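Scope of the values below: all heavy atoms of this structure, side chains included, with no hydrogens, waters or symmetry mates. Counting starts at 1 for both ligands and their atoms, following the listed order. Just so it is clear, the model here is predicted, and its values are computed rather than measured.
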Amino acid sequence: MDNLRERLAGVRERMARAAERARRDPAGITLLAVTKVFPAAAIREAYEQGLREFGENYVQEFERKAPEVGGLAGARFHLIGHLQSNKCRKAAEIFQSIQTVDSPKLARRLNEAGPALDVMLEVKLSEEDAKSGAEAEALPELIEAVRGCANLRLLGLMTMPPWSDDPEASRPYFRRLRELAERHGLGGLSMGMSHDLETAIEEGSTCVRVGTALFGKRKRE
Ligand SMILES: *Cc1c(COP(=O)(O)O)cnc(C)c1O
């Protein structure tokens, strides 16, 4: 617990310094605590430390934790991992936000599931095969589809650059995401993780997704 408190203070400090360098108001940057692989107890601890926004990667994994944490007042849960269309109904039930919408079909499925959801569009900006996300060229059609969905509130774009331990390697991807968001009139930018959150904030991130720097190394993925 003390450990988490210290790590959280460290992350907030890093965010504040980066915001200052970029002359941005830190209040405009959400810290999303990424709790994949960690048990529901980790979410509770983080909640007790004042965190309210949580990111999970897998519908099934969060389905197991949700009964323990779904009722925490003011807590919001974001899906940040790839969503299969056959899991849309369940996802819409346990998450308040889906950051990984990458096709019109997925948008329609989520819309039909019922509850109102905040959504972000995951954009694929690198050539890596394994990555999910929509191609930049497909965004106009995808945005139009999402805007036609009464239950979906489109907030912005999300991306995950290819892994590199050099945070500067992420910068061109973050910059490109910001340009795409501006071009399409979207304000939200979910980008930046434990190792490159400063770069992301300098490039305009409104939501950094931080796991390791808060909870320590994950044992499995
Ligand atoms: C795991 C994960 C994170 C957090 O990564 P850390 O390096 O542990 O901060 C952020 N975003 C996505 C999409 C992830 O899968």
Side-chain angles (χ1 to χ4, degrees), residues 3-4 6-15 18 29-40 42-43 45-46 49 51-63 65 76-84 87 91 94-103 106 117-126 128-134 155-171 173-174 176-178 181 188-221:
N3 217 346
L4 175 62
E6 280 163 26
R7 284 171 164 160
L8 175 58
V11 168
R12 288 212 193 281
E13 176 68 27
R14 288 173 61 195
M15 290 175 66
I29 308 158
T30 300
L31 172 56
L32 187 68
V34 177
T35 46
K36 63 171 172 233
V37 177
F38 290 98
I43 299 177
E45 272 186 40
Q49 297 295 326
L51 287 163
R52 291 294 179 269
E53 311 288 328
F54 299 94
E56 286 274 341
N57 285 60
Y58 309 100
V59 175
Q60 265 175 319
E61 180 183 332
F62 187 58
E63 211 182 331
K65 302 178 199 175
R76 299 180 74 249
F77 297 93
H78 304 247
L79 181 67
I80 60 169
H82 179 62
L83 177 60
Q84 290 169 303
K87 300 234 167 73
I94 58 180
F95 291 100
Q96 286 74 51
S97 149
I98 310 286
Q99 294 200 353
T100 50
V101 173
D102 63 0
S103 73
L106 207 56
L117 289 167
D118 286 344
V119 305
M120 286 190 151
L121 310 178
E122 183 178 5
V123 187
K124 177 182 151 135
L125 296 176
S126 67
E128 276 175 86
D129 285 336
K131 286 268 158 60
S132 50
L155 295 185
L157 305 179
M158 177 269 202
T159 201
M160 191 151 154
W163 169 259
S164 162
D165 46 23
D166 175 11
E168 280 306 311
S170 301
R171 192 180 295 278
Y173 298 95
F174 294 157
R176 176 101 172 99
L177 195 73
R178 186 188 64 205
L189 285 172
S190 173
M191 57 190 200
M193 317 199 302
S194 290
H195 69 293
D196 58 9
L197 66 88
E198 285 92 345
T199 313
I201 289 171
E202 288 164 13
E203 295 300 330
S205 175
T206 62
C207 174
V208 290
R209 310 180 306 264
V210 180
T212 311
L214 289 174
F215 302 104
K217 268 205 173 348
R218 290 178 290 272
K219 295 217 161 48
R220 55 169 181 87
E221 286 252 348

Practice item. Kindly write out the residues that satisfy side chain to side chain contact (heavy atoms under 4.5 Å, CB included) with Ala40, not counting sequence neighbours, or none if the list is empty. Key: Lys65, Glu68, Val69

Practice item. Report the C-alpha distance between Tyr173 and Ser126 in whole Å, list the side-chain angles of each, state the deciding distance to 0.1 Å, and finish with yes or no for side chain to side chain contact (heavy atoms under 4.5 Å, CB included). Key: CA-CA 8 Å; Tyr173 298 95; Ser126 67; 3.8 Å; yes

Review point. What do you reckon, does Gln99 put a non-hydrogen atom under 4.0 Å from ligand 1?
Key: no

**Study point:** Check: Val37 main-chain N/O paired with Glu61 side-chain donor or acceptor under 3.5 Å
**Key:** yes

Review point. For ligand 1, which atoms have a heavy atom of Ile80 less than 4.0 angstrom away?
Key: 11 (N), 12 (C), 13 (C), 14 (C)

Point to revise | Proximal atoms of ligand 1 relative to Asn57 (non-hydrogen, under 4.0 Å) | key: 14 (C), 15 (O)

Check your understanding: Who pairs with Ser103 by side chain to side chain contact (heavy atoms under 4.5 Å, CB included), at least two apart in sequence or on another chain?
Key -> Lys105, Leu106

Revision key, fill the gap. So the atoms of ligand 1 within less than 4.0 Å of a heavy atom of Thr212 turn out to be 6 (P), 7 (O), 8 (O), 9 (O)

Check your understanding: Who's closest to atom 14 (C) of ligand 1 heavy-atom-wise, of Met193, His195, Lys36, Met160?
Key -> Lys36

Practice item. Spell out, as yes or no, whether a donor-acceptor pair under 3.5 Å connects the side chain of Thr206 to the backbone of Leu189. Key: yes

Study note, to complete from the structure: Taking only non-hydrogen atoms of Val210 and a 4.0 Å limit, the atoms of ligand 1 in range are 9 (O)

